[in-house]
Amino acid sequence: VMLDRCFGWRGICVEPNPMILAMVGAYRTCEVVPRCVASQRERGKPFSDRDGEISFHAHCEPLGEILARAGLSGHRIDLLSIDVEHGELGALL
């Protein structure tokens, strides 16, 4: 929040969890993309809570496709933060 509100940074926030999407949209000025990042497209990927119960499903796309759709392909990216629960390498490929 500090980077976009205090420093005027712009960018995207990729968030697949529908329970978090409203909060992200309310507090961030960036474009919110309701997807997950993965090495390949996947529709309806299940996500589980801490008890192992499926809490939601999400569509996943490669990072390059998400960046291209946001108009960021070929542009310098100053900050890239990825939290994909042990799937960071696959998300970057």
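What you see is a predicted model, and the numbers here were worked out from it, not measured in a lab. All heavy atoms count here, side chains included; hydrogens, waters and symmetry mates do not. The chain is numbered in sequence order, starting from 1.
- Leu63 CG to Ile77 CD1: the interatomic distance, rounded to the nearest 0.5 Å, is 7.0 Å.
- Residues satisfying the side chain to side chain contact (heavy atoms under 4.5 Å, CB included) criterion with Cys60, sequence neighbours excluded, are Cys36, Ala38, Glu42, Lys45.
- Here the OG-CZ distance, from Ser39 to Arg41, works out to 12.5 Å after rounding to the nearest 0.5 Å.
- At least one donor-acceptor pair closer than 3.5 Å links the side chain of Asp49 to the backbone N or O of Asp51.
- His59 and Gly44 get closest at one heavy-atom pair: ND1-N, 3.1 Å.
- Under the 4.5 angstrom side-chain criterion for Ile, Leu, Val, Met, Phe, Trp and Tyr, Ile54 has no cluster partners at all.
- In this structure, the separation between CG on Leu67 and OG on Ser73 is 6.0 Å, given to the nearest 0.5 Å.
- Arg35 contributes atom CZ, which lies 6.0 Å from atom CZ of Arg69 (distance to the nearest 0.5 angstrom).
- Nearest heavy atom pair, residue Cys30 against residue Cys13, reads SG-CB, 3.4 Å.
- Put simply, Val32 and Met19 are part of two different groups of oily side chains (I, L, V, M, F, W, Y) that touch within less than 4.5 Å, one to the next.
- Hydrophobic clustering keeps Phe56 apart from Leu21 (ILVMFWY residues linked when any side-chain heavy atoms are closer than 4.5 Å, directly or through intermediates).
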